[in-house]
Participant: 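Please see the structure below; I have some questions.
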Amino acid sequence: MTHTHPPARSSTEAPETNHARANPGRARFFPAASDAEWNDWRWQFKHRVTRLEELAALLPFPAKEWDMRREVLRDFRMGITPYYLALVDPEDPACPILRQVAPIVEEYVFRDVGDEDPLAEEQYSPVPGITHRYPDRVLMVISNSCAIYCRYCTRKRIMYEDAVPDVEIDRMVDYIARTKSVRDVVVSGGDPLTYGTKKLEGILAKLRAIPHLEIIRIGSRVPVSLPQRIDAELCEMLARYHPLWINVHFNHPRELTIEAAEACDRLSRAGIPLNNQAVLLKGVNDEVETIRQLCTGLMKMRVRPYYLYQCDPIRGGEHFRTPISKGIEIMEGLRGHTSGLAIPTYVVDAPGGGGKIPVGPNYLLHHDPKKKRAVLRNYQGRLFEYREPTGRAGPMTSKARRGGGELGPVASRPVVRERAADGNGGAEAGAESGANGNGKPRRAAGKSGWVHRGRSLEERLGPRKE
Ligand code: SF4
């Protein structure tokens, strides 16, 4: 068979995206910024919108909301880079970009709901800044600062303090050095990439000097919120500390700009695998189509969709939370409808420190380990029988030889066993109808003891027809 391939892209060519370079928000909100300023990450960082007055001057809101918005800023600071603010649609009162970073009335209404530390990170902290929850890996919080402050952040509690002192970082490194079981560290914050390159290199060098530490991962939202920071100097430095991975944090397809794509491309060219950790947020990305566009867009940027997190019950983030059924619905809408590589794992981080628990639609509807038989549902709702290996080599029906077959298109409910009365099912299922204990076929092919008929549960649970 002949395969046709698209022409190979040269190693220096930027990845294709659907996004135009022109950023209308920049001209609208920051008309005085020169190109040199706009592309300078330190200028972006310094000119973050941190006060309500600044935000209101660019994106006015009703006067009656002032006090409420001011009140929630007492609980959790605001910080929005000019670049990220320029992604906001000023005509959209429910803009998913703005909703992630601006204090809103809903946050005020629910301000007392939730926990300060919903994942009990402090409880699992052997030294300040380290969370050691899983056997072979630790979280290392080296920064209290981010380029933008996300209103749903799980780690709001650490964003009030000054920079993490060097002595504390040394204590964290020391813990990893003397804990031989740790082979993987997630360096996070805050955002580690808000540090200067030299300071960050100092920390990475100390980590890389630990013989048993195999993998360094960095968690960062900087490629989303401050892509200018991903410069050549940073990428060259990071490439000296491989194997090094970066987990990025895109939540919405509108964040997949050409600037972000180029930042990710620079990291990829430095040999750094990129994985995305999105958070499922009500009013931001709680639609199948939004997450599908996000995931397939990330794939074009060579970023693997890794996790879709259920939003943690953090205090002040209640208005972002969805029921778990929403996450399952989204996963159901992805699986089979797009490439498996574009499908993240939906996880609920168990409150109280239970760790990440994967949750998803159920595709295994019935499993009989004794009879070596399973019934599976595919993404279209079609049911298939799957025969597990029995270790027997005797004669069997052709379908049994193939390992099973389709049962029929039904809703996603458990299949019940019925004895075939009319032989119309065509489901020559498992040990029941295939080879029996002595390796002989129990029935002729096509006369199955298993049949799946009808669409309703009532029908399938109805009286046997003999
Ligand atoms: S960038 Fe990450 S750590 Fe910083 S506020 Fe947002 S979610 Fe929290």
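Values in this document were obtained by computation on a predicted structure and should not be read as measured data. As the structure lists them, so they are numbered: ligands from 1, and atoms in each ligand from 1. In what follows, residues are counted from 1 in the order of the sequence shown. Values reported hereafter were calculated over all heavy atoms of this structure, with side chains retained and with hydrogens, waters and symmetry mates removed.
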Participant: What residues, two or more places apart in sequence or in another chain, satisfy side-chain contact (heavy atoms from CB on, under 4.5 Å) together with Arg217?
Facilitator: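 Checked Arg217 against side-chain contact (heavy atoms from CB on, under 4.5 Å); matches are Arg137, Asp184, Val186, Ile215, Trp245, Asn247, Tyr306.
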Participant: Tell me, which pairs form a side-chain hydrogen bond (donor to acceptor under 3.5 Å, both in side chains) where one or both residues lie in residues 346-358, sequence neighbours left out?
Facilitator: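 Checked against side-chain hydrogen bond (donor to acceptor under 3.5 Å, both in side chains) - neighbours excluded - the pairs reaching residues 346-358 are Gln310-Tyr346.
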Participant: Is a side-chain donor or acceptor of Glu54 paired with a backbone partner of Thr50 at a separation under 3.5 angstrom?
Facilitator: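 Yes, because the side chain of Glu54 sits within donor-acceptor range (under 3.5 Å) of the backbone of Thr50.
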Participant: Within a reach of under 6.0 Å around NZ of Lys326, are more than 12 heavy atoms found that belong to other residues, nucleotides or ligands?
Facilitator: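 More than 12 heavy atoms, drawn from other residues, nucleotides or ligands, come within 6.0 Å of this atom.
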Participant: Between Thr179 and Ser181, is there a donor-acceptor pair closer than 3.5 Å when you use the side chain of the first and the backbone of the second?
Facilitator: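 Looks like no, no N/O pair under 3.5 Å.
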Participant: Which pairs count as side-chain hydrogen bond (donor to acceptor under 3.5 Å, both in side chains) when at least one residue sits in residues 92-103, sequence neighbours excluded?
Facilitator: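 Output for this query lists Tyr84-Gln100, Arg99-Glu106, Gln100-Arg221, Gln100-Asn251, Gln100-Glu255.
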Participant: How close does the nearest protein non-hydrogen atom get to atom 2 (Fe) of ligand 1, and which residue and atom is it?
Facilitator: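 Ranking protein heavy atoms by distance from atom 2 (Fe) of ligand 1, first comes His249 ND1, 4.3 Å.
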Participant: Which count of protein N, O or S atoms is obtained for distances strictly below 2.8 Å from atom 8 (Fe) of ligand 1?
Facilitator: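 N, O or S atoms of the protein closer than 2.8 Å: 1.
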Participant: Just by distance, no angles: are the side chains of Thr290 and Asn285 close enough, under 3.5 Å, to form a donor-acceptor pair?
Facilitator: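 Side-chain D/A pair, Thr290 to Asn285: absent.
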Participant: Would you call Val279 a ligand 1 contact, heavy-atom distance under 4.0 Å?
Facilitator: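 No heavy atom of Val279 comes that close to ligand 1.
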